[in-house]
Amino acid sequence: MTTTAIANGSNEVERKAAEDANQVQDACNLVAIVGCWHQHLLALHRAGIGGDNLINHPTTLAFVSKLNSLCRMTTGREMAALDAIDKLQNREAVEYEVIPL
């Protein structure tokens with residue numbers, strides 16, 4: 001059985017989050033994108049949207065999609081990053097690939 005939820009565009013918090021999620025699709029400033037997303041996550045949570053509903057909300061998925069695209073995310077890059085953070089945590093230096101925009 002599939003569980004569903006309703007995202008409500010008449011809810012001002014959800015509407016604003018959707019508007020910004022749409023606008024950041026053309027953005028390339030990672031700090032601004034994450035900051036904007038963070039503000040909307042907090043507002044959505046304060047509006048009673050939490051847990052699985054917040055994780056799967058259309059605006060959350062749109063922001064995640066943008067981050068995946070901006071970081072040129074692939075499974076290989078994800079695995080390399082997870083390996084790298086283990087090494088960084090252990091005070092080791094790591095080399096990583098930089099893909100220009």
To check you understand the geometry: which heavy-atom pair defines the closest contact between Val24 and Lys66, and what is its length? O-CE, 3.3 Å
Drop me the distance from Ile99's CD1 to Leu70's CG, to the nearest 0.5 angstrom. 11.0 Å
Do the side chain of Asn90 and the main chain of Asp86 share a donor and acceptor less than 3.5 angstrom apart? yes
Pairs flagged by salt bridge (Lys or Arg N to Asp or Glu O under 4.0 Å) wherever residues 89-101 is involved - sequence neighbours left out: Arg77-Glu97
With side chains defined as the heavy atoms from C-beta onward, is the minimum distance between Met79 and Asp83 less than 4.5 Å? no
Identify whether the distance between the nearest side-chain nitrogen and carboxylate oxygen of Glu19 and Lys16 falls below 4.0 Å. no
Could you state the interatomic distance from CD (Gln25) to OG (Ser69), rounded to the nearest 0.5 Å? 8.0 Å
What pair of heavy atoms forms the shortest contact from His57 to Leu44, and how long is it? NE2-CD2, 4.4 Å
Considering all heavy atoms of both residues, which atom of Ile55 and which atom of Leu61 are nearest to each other, and what is their separation? O-CD2, 3.9 Å
Side-chain heavy-atom pair Trp37, Val64 within 4.5 angstrom cut-off: yes
Quick one: do Phe63 and Val34 end up in the same hydrophobic cluster if we chain Ile, Leu, Val, Met, Phe, Trp and Tyr together by side-chain heavy atoms under 4.5 Å apart? yes
Which heavy-atom pair separates His45 from Gly50 by the least distance, and what is that distance? CD2-CA, 4.2 Å
Minimal heavy-atom distance between Asn53 and Ala5, with the atoms involved, is OD1-CB, 3.7 Å
Pair Thr59, Glu14 - check side chain to side chain contact (heavy atoms under 4.5 Å, CB included), show working. CA-CA 8 Å; Thr59 57; Glu14 291 185 78; over 6 Å; no
Is there a path of hydrophobic side-chain contacts, each under 4.5 Å between heavy atoms of I/L/V/M/F/W/Y residues, joining Leu30 to Leu101? yes
dist Leu54:CG -> Leu42:CG (nearest 0.5 Å) comes out at 9.5 Å
Could you measure the distance from the OG1 atom of Thr3 to the CG atom of Asp52? Nearest 0.5 Å is fine. 8.5 Å
Kindly give the heavy-atom pair with the smallest separation between Asn8 and Ser10, and that separation in Å. OD1-OG, 2.5 Å
